[in-house]
Amino acid sequence: VRNSRDLWPLSQSPRSFSSSAVPLSAFALSVPPALSRPRPLTKASRQVALRRAEAYVAEYRRQERMEVALRREAKATGNFYVPAEAKVAFVIRIRGINGVPPPDQEDPPAPPPPPDPQRCFRRLNKATIEMLRLVTPYIAWGYPSLKTVRELVYKRGHGKINGQRVP
């Protein structure tokens, strides 16, 4: 689809277009072509990203092996193995806030930006778990697996920690 500005040469364009077209064309000429194109990933940055991903995979495998070893050791000695509790919950608002008492409107606090402001990750501790239990009629929440966290972060492109974007 062509823009209506493209239909007329700059000298013959309608009055409404001419005032804004000139500064845009001047700006387009002032930007060097190297800056106007997105930079491709360099080989070095791709290698750094690959090494980081390999380190994450190795860490997750080491954690899984440790869990299995601890479970087997507990079973061999006749004990029970209690896995660690989840540190993060995924919270989704399922009802609007109209008619909701003001204290309950606070959760999920710090929602992500506009594409879907109804969902967020929450770090869990005793206080946040109690808060989630209070507002359970208005939200759905659960413990995400590593796979779902990875897919959601990849889909969005970044995460937020303390209000700052983290790639």
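The residues of the chain are indexed from 1 along the displayed sequence.
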Tell me whether the count of non-hydrogen atoms from other residues, nucleotides or ligands lying under 6.0 Å of OH in Y56 goes above 12. no
Is there side-chain contact between V149 and F90, with at least one heavy-atom pair below 4.5 Å? no
Give a yes or no on whether L152 and L146 share a hydrophobic cluster (residues Ile, Leu, Val, Met, Phe, Trp, Tyr; joining criterion: side-chain heavy atoms under 4.5 Å apart). no
All heavy atoms of F121 vs all of P144, minimum pair found to be CE2-CG, 4.0 Å
Do L50 and V57 land in one hydrophobic cluster if side-chain heavy atoms of ILVMFWY residues count as linked below 4.5 Å? no
Ignoring hydrogens and angles, tell me if any N or O in the side chain of T77 forms a donor-acceptor pair with the backbone of E73 under 3.5 Å. yes
Side-chain heavy-atom pair I92, I139 within 4.5 angstrom cut-off: no
Report whether Y143 and Y60 are members of the same hydrophobic cluster (ILVMFWY, side-chain heavy atoms less than 4.5 Å apart, transitive linking). no
E130 atom CD: more than 12 heavy-atom contacts under 6.0 Å: yes
Salt bridge or not between E59 and R62? Use side-chain N to carboxylate O under 4.0 Å. no
Is a side-chain donor or acceptor of T128 paired with a backbone partner of R123 at a separation under 3.5 angstrom? yes
Between L132 and V91, is there a side-chain heavy-atom distance shorter than 4.5 Å? yes
Does the side chain of F80 reach to within under 4.5 Å of the side chain of K75, using non-hydrogen atoms? no
Rounded at 0.5 Å granularity, tell me how far CD in E67 sits from CZ in R72. 12.5 Å
